[in-house]
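Provided herewith is a single structure, encoded as structure tokens, for subsequent inquiry.
Counting starts at 1 for both ligands and their atoms, following the listed order.
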Amino acid sequence: MDQTTERQTRLKLAVQKAGRLTDPSLELLARCGLKLSRGRDQLLGVGENMPLDVLFVRDDDIPDLVQEDVCDLGLVGLNVIEEKRLELAARGAKARFTALRALDFGHCRLALAGPAERSYAGLESLRGLRIATTYPYLLQRFLEQRSVQAEIVRLSGAVEIAPRLGRADLICDLVSTGSTLQANHLREIETVLESHAVLIRTPVTLPAEQQDWVERLLLRIEGVEQVKESKYIMLHAPRSALPEIKLLLPGSETPTIIPLEGSPDRVAVHAVCRENVFWETLESLKRVGASAMLVLPVEKMLA
Ligand code: PRP
Ligand code: ZN
């Protein structure tokens with residue numbers, strides 16, 4: 001196979017090299033069945049069982065890599081995507097990558113924070129203050145929409161120490177667990193943007209075979225996200241208790257009812273519950289006559 005054909009048959013997916021999104025991104029891909037030949041120390045992980053390779057890069061570079069078609073797909077935070085959109089708009093350009101799916105990880109928020117001991121008297125009190133951030137465009141939009149005149153101090157990192165160094169009065173940075181703020185004696189005062197991970201794709205039309213893999217990946221991601229909380233429950237119960245039992249099963253659709261050989265009054269019930277099944281639920285089921293209850297995790301689901 002020559003190099004151009006090879007380039008066209010394998011998908012390239014950009015993932016954050018080292019950060020909050022790295023582990024959950026790799027975990028999602030593993031759950032989708034991808035086996036990577038190399039770890040994250042290398043720049044490139046080659047998919048052994050799918051025509052998909054993973055490129056490890058700085059998260060802020062992911063939107064550019066995808067819209068310039070260096071990578072076909074990217075897993076990146078909404079915060080990075082929205083900042084990039086505004087940056088492009090400021091230059092009169094438009095973002096050309098497309099968001100394919102919001103993902104259930106990387107939850108965090110871009111927030112304003114100030115020294116813990118400083119009292120906060122609402123947005124009006126921000127007038128004239130200096131706010132340090134690596135997200136100048138999102139911050140600017142936030143301030144403009146609320147008609148707050150504050151000074152934006154653009155930094156490229158280590159934002160959380162800016163107030164201590166006297167470079168700014170406040171910061172605007174990502175907060176996930178809150179431990180970075182706490183360690184720096186900062187207190188959150190306003191939310192600028194709620195964020196989570198997103199799967200983005202190139203604006204370029206892909207060859208049919210690659211497009212097919214993108215769609216398969218999307219279906220698998222959907223399956224993975226669906227089963228996260230799902231449980232498979234099996235139990236025996238008196239046929240007469242079925243209406244009560246159906247009400248007790250959390251988030252289940254139509255359960256399968258199976259007759260039990262030799263006991264005409266009792267049946268086996270199998271159901272997928274879309275929510276976790278707690279001990280309390282099992283105790284309630286027992287009270288209406290259920291027995292031999294088994295709760296199993298659901299590993300995969302495909303509609
Ligand atoms: C963010 C942010 C903080 C940290 C907050 O960095 O800059 O340092 O996460 O998380 P915490 O509330 O759990 O302490 P990120 O992982 O996005 O890396 P980057 O900004 O260097 O890309
Ligand atoms: Zn970053």
- prompt: So, D69 versus T202: side-chain donor-acceptor pair below 3.5 Å or not?
  reply: yes
message: Under 3.5 Å, is there a donor on one side chain and an acceptor on the other for R201 and Q211?
response: yes
Could you list each nitrogen or oxygen of ligand 1 that sits under 3.5 Å from a protein nitrogen or oxygen, with the atom names and the distance?
from	atom 1	to	atom 2	distance (Å)
ligand 1	7 (O)	D173	OD1	3.3
ligand 1	7 (O)	D173	OD2	3.2
ligand 1	12 (O)	S176	N	2.7
ligand 1	12 (O)	T177	N	3.1
ligand 1	12 (O)	G178	N	2.7
ligand 1	13 (O)	T177	N	2.8
ligand 1	13 (O)	T177	OG1	2.5
ligand 1	14 (O)	S179	OG	3.2
ligand 1	14 (O)	T180	N	2.9
ligand 1	14 (O)	T180	OG1	2.5
ligand 1	16 (O)	R20	NE	3.0
ligand 1	17 (O)	R20	NE	3.4
ligand 1	17 (O)	R20	NH2	3.0
ligand 1	22 (O)	D59	OD1	3.3
ligand 1	22 (O)	D59	OD2	3.4

Total protein N/O/S atoms whose distance from the Zn ion (ligand 2) is less than 2.8 Å: 2
- prompt: Are more than 12 heavy atoms from other residues, nucleotides or ligands located less than 6.0 Å from atom CD of E48?
  reply: yes
- prompt: Is it true that a side-chain atom of N49 and a backbone atom of K35 form a donor plus acceptor pair closer than 3.5 Å?
  reply: yes
- prompt: Between the side chains of Q226 and E222, is a donor N or O closer than 3.5 angstrom to an acceptor N or O?
  reply: no
Solution key, residues 284-299 side-chain donor-acceptor pairs under 3.5 Å, sequence neighbours excluded:
from	atom 1	to	atom 2	distance (Å)
S284	OG	E280	O	3.0
S284	OG	R287	NH2	3.4
S291	OG	R266	NH2	2.8

task: For the residue pair V54 and L29, establish whether any side-chain heavy-atom pair is separated by less than 4.5 Å.
output: yes
field: Y137 vs E82, side chain to side chain donor-acceptor pair (under 3.5 Å): CA-CA, chis, key distance, verdict
entry: CA-CA 9 Å; Y137 292 97; E82 291 306 300; over 6 Å; no
For residues 103-115, please give each side-chain donor-acceptor pair under 3.5 Å, one per line with the distance, not counting sequence neighbours.
from	atom 1	to	atom 2	distance (Å)
D104	OD1	H107	NE2	2.8
R109	NE	E188	OE2	2.7
R109	NH2	E188	OE1	3.2

